[in-house]
Amino acid sequence: ILNNNSLANSDFFNGAFPAEYGNSTAGVFDLKLKAGNNEKFEFSGQFGILGAELLAEGPLSKNHKASFLGVYRYSTLKMFTALGIDIGTSAVPQYQDFALKLNFPLNNGGNLAIWGLGGNSNIDILISNQKDTSEVDLYGEQTKDQYFGTSMYVGGVTYTHPLNESTYIKSTLTASWDHQ
């Protein structure tokens with residue numbers, strides 16, 4: 001569900017951690033969602049083997065520097081099978097994901113960001129649907145139907161307040177949900 005078009009940058013730490021990561025013991029993967037373009041609207045679309053994707057970003061108001069960024073991706077292979085295109089297996093991955101960020105720069109130099117990302121995926125490997133039982137499906141066990149699926153969503157609000165040129169306070173409130 002991590003879409004590289006929605007990421008500003010990322011850092012991975014696996015040893016000594018900067019103080020901002022608190023009492024981490026194993027590793028930290030710090031992902032930052034980029035803010036949308038606050039000057040003009042931009043749209044893009046992509047179509048590839050890993051998915052069809054739409055992205056939109058732009059200002060929320062002409063009078064303020066607030067912006068939005070939203071991206072959505074859907075399984076290309078699922079679209080192919082819906083169109084009757086044979087991809088060589090009945091085990092077709094179905095997935096979709098999204099990311100959204102609303103960014104509000106504040107007059108005091110601070111920033112308020114409302115963000116969320118999530119997605120779901122599933123794949124059913126159905127041996128019982130095979131018409132030719134001598135045919136070997138390369139995926140899954142040959143003795144039983146298998147069902148795999150998961151969903152995950154996370155969202156939050158982040159407030160950043162500068163204390164001086166080199167120090168700031170950042171507070172984040174998040175909520176997450178997942179299901180398998």
Side-chain angles (χ1 to χ4, degrees), residues 1-13 17-22 24 27-83 85 87 92-122 150-179:
I1 66 170
L2 293 176
N3 188 316
N4 63 333
N5 291 322
S6 64
L7 292 178
N9 70 327
S10 61
D11 293 310
F12 181 72
F13 302 97
F17 307 110
E20 66 186 294
Y21 299 111
S24 300
V28 172
F29 195 15
D30 184 8
L31 301 170
K32 292 180 176 62
L33 293 174
K34 72 179 185 177
N37 186 335
N38 63 6
E39 295 178 3
K40 67 178 184 172
F41 290 101
E42 296 182 316
F43 303 94
S44 72
Q46 295 184 36
F47 188 85
I49 194 69
L50 294 179
E53 174 181 311
L54 296 172
L55 179 136
E57 63 181 307
L60 288 173
S61 167
K62 291 181 180 181
N63 303 329
H64 197 269
K65 292 290 186 179
S67 66
F68 76 93
L69 179 132
V71 62
Y72 174 77
R73 182 172 44 193
Y74 189 79
S75 168
T76 305
L77 296 177
K78 180 59 181 168
M79 286 189 279
F80 288 165
T81 58
L83 294 171
I85 299 170
I87 63 167
V92 179
Q94 303 174 45
Y95 56 86
Q96 58 187 333
D97 57 63
F98 75 93
L100 174 68
K101 183 174 183 182
L102 304 174
N103 195 57
F104 302 95
L106 304 174
N107 292 335
N108 63 2
N111 193 72
L112 179 68
I114 302 168
W115 52 271
L117 60 97
N120 59 51
S121 66
N122 68 337
T150 187
S151 298
M152 179 266 181
Y153 304 94
V154 64
V157 176
T158 301
Y159 174 69
T160 306
H161 180 78
L163 298 177
N164 57 42
E165 287 185 19
S166 61
T167 308
Y168 63 89
I169 294 173
K170 182 180 275 190
S171 301
T172 301
L173 177 65
T174 64
S176 66
W177 178 86
D178 67 276
H179 175 73

- Does Ser67 reach the main-chain N or O of Glu57 with its side chain, forming a donor-acceptor pair under 3.5 Å? no

- Message: Does any part of the side chain of Thr172, heavy atoms only, come nearer than 4.5 Å to the side chain of Tyr159, both counted from C-beta?
- Response: no

- Which distance, rounded to the nearest 0.5 Å, do you find between the CG of Leu7 and the CG of Leu33? 6.5 Å

- Would you call Thr158 and Trp115 a side-chain contact if the rule is heavy atoms closer than 4.5 Å? yes

- Query: Taking it one step at a time, do Ile114 and Phe104 satisfy side chain to side chain contact (heavy atoms under 4.5 Å, CB included)?
  - Reply: CA-CA 8 Å; Ile114 302 168; Phe104 302 95; 4.0 Å; yes

- Evaluate the side-chain proximity of Phe98 to Gln96: yes if any heavy-atom separation is below 4.5 Å, no if none is. no

- Could you tell me whether the side chain of His64 reaches within less than 4.5 Å of the side chain of Pro105, counting heavy atoms only? yes

- Message: Just so I know, are the side chains of Leu55 and Tyr72 near enough to count as touching, which here means a heavy-atom distance under 4.5 Å?
- Response: no

- Query: Can you tell if the side chain of Pro59 reaches within under 4.5 Å of the side chain of Asn37, non-hydrogen atoms only?
  - Reply: no

- Query: Step by step, would you call Asp178 with Ser151 a side chain to side chain contact (heavy atoms under 4.5 Å, CB included)?
  - Reply: CA-CA 5 Å; Asp178 67 276; Ser151 298; over 6 Å; no

- Task: Report the C-alpha separation of Lys40 and Glu42 in whole Å, then their side-chain angles, then the decisive distance to 0.1 Å, and conclude whether the side chain to side chain contact (heavy atoms under 4.5 Å, CB included) test is met.
- Result: CA-CA 6 Å; Lys40 67 178 184 172; Glu42 296 182 316; 3.4 Å; yes

- Message: If you count heavy atoms of other groups shown closer than 6.0 angstrom to CG of Asn107, is the number above 12?
- Response: no

- Message: Using side-chain heavy atoms (C-beta onward) and a distance below 4.5 Å, is Phe47 in contact with Thr76?
- Response: yes

- Item | Any side-chain donor near an acceptor of the partner, Asn111 and Asn103, under 3.5 Å | yes

- Task: Would you indicate whether the side-chain heavy atoms of Thr81 and Val92 approach each other to under 4.5 Å?
- Result: yes

